[in-house]
Amino acid sequence: MSDLTIPRTNVFFAFSPELKPVARIQQGQVVTLETHDCFEGQLKSSADLLDKLDWDHVNPATGPVFIDGAKPGDVLRVDLLSMEIGDQSIMVTLPGEGALGDMISDMETTVLKREGNEVVFKDKIRVSQKPMIGVIGVAPAAGAVPNGTPGPHGGNMDCTLVTQGASLYFTVGVEGALFGAGDFHAAMGDGEIVVCGAETPGQFSFSARVIPELKGLPTPFLRNENVVATIFSSPTLDAAASGAIHAMAEFLTKQVGLSVNDAGMLMSLVGELKFCQVVDPEKTVRFEFPIQVLEQYHYDMQ
Ligand code: CA
Ligand code: ZN
């Protein structure tokens with residue numbers, strides 16, 4: 001059970017060391033964050049088009065939260081314990097934007113209702129709900145990174161694995177880490193082709209703790225019950241892919257203790273390189289590796 005709830009009125013728009021924490025929490029404490037959708041609730045119906053949007057209120061994250069004892073250079077594990085999403089979500093198109101911007105000539109807003117475990121597109125097409133968190137991270141050591149941009153600190157990674165049951169690992173940039181999150185999707189496909197998923201408000205509960213044994217882990221890093229994954233963002237997909245691949249090789253050699261050749265051959269045999277999003281100024285790619293193989297090396301991810 002969560003013993004502290006941070007309301008969605010506590011928003012920020014850039015991860016920065018200058019942010020004032022809205023709460024101070026203990027390691028291991030269960031905390032709930034409520035979040036706005038990525039438009040801060042500005043779009044409510046199909047009549048609300050993007051030309052009305054106040055772009056200063058896009059990609060709000062809730063927080064930041066100061067985690068007691070988290071010091072620069074520490075690896076912080078954030079366990080995503082539970083997640084709820086709103087009853088409706090919003091999708092939009094904008095000419096010129098996203099991976100199909102050259103083909104899209106009409107601005108559109110569409111509302112998707114949630115029915116049970118499904119999301120309904122245009123009142124008839126049913127798809128499975130797959131809730132995920134788009135923006136999640138910690139403050140960088142220096143500078144301010146707008147919430148729309150992913151990077152080594154996390155941010156707008158739009159990784160479909162960031163959901164209930166996953167653990168995320170970040171390298172702490174400033175004392176207390178200054179953790180926050182927002183931009184929930186009721187569902188989203190890998191790639192995020194028109195720069196949105198089913199954008200929805202929601203809430204999630206988490207606990208966070210420093211894992212000393214993992215110091216030096218290439219971050220952002222994720223584990224769920226099936227895979228570990230490295231997540232890497234860069235202006236080009238080539239560089240993002242190379243970054244995610246090299247980060248996984250670094251994990252397998254330094255943390256798990258494999259030789260470079262074994263790591264490379266196993267990555268080639270059972271690893272999976274996937275796109276998170278291909279539409280932001282920094283593209284995000286992840287490399288997944290099965291835990292079932294790590295277990296055969298007697299490696300237990302903390
Ligand atoms: Ca996003
Ligand atoms: Zn989003």
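Counting convention: from 1, in listed order, for ligands and their atoms alike.
- Side-chain heavy atoms closer than 4.5 Å link hydrophobic residues (I, L, V, M, F, W, Y) into clusters, and following such links, even through other members, never connects Val194 to Phe121.
- Note on ring orientation: taking the six-membered ring where Trp is involved, the planes of Phe179 and Phe206 are tilted (angle from 30° to 60°).
- Counting only protein N, O or S atoms, the number found under 2.8 Å from the Zn ion (ligand 2) is 4.
- The tally of protein N/O/S atoms under 3.0 Å from the Ca ion (ligand 1) stands at 4.
- In this view, Lys122 and Glu108 satisfy the salt bridge (Lys or Arg N to Asp or Glu O under 4.0 Å) rule, not counting sequence neighbours.
- Phe251 and Phe221 have tilted rings, their planes meeting at an angle from 30° to 60° on a 0 to 90° scale.
- The pair Asp37-Arg8 fails the salt-bridge criterion, with no side-chain N (NZ, NE, NH1 or NH2) lying under 4.0 Å from an Asp/Glu carboxylate O.
- The residues Lys113 and Asp87 are annotated as not salt-bridged, no charged nitrogen and carboxylate oxygen being separated by less than 4.0 angstrom.
- Listed by chain and number, the hydrophobic cluster partners of Phe13 are Val11, where partners are ILVMFWY side chains within reach of under 4.5 Å, directly or through others.
- The minimum heavy-atom distance linking Gln42 with Asp48 is given by the pair O-OD2, 3.8 Å.
- Ser45 and Val111 make their closest contact through CA-CG2, 3.8 Å (heavy atoms, listed as atom of the first residue, atom of the second, distance).
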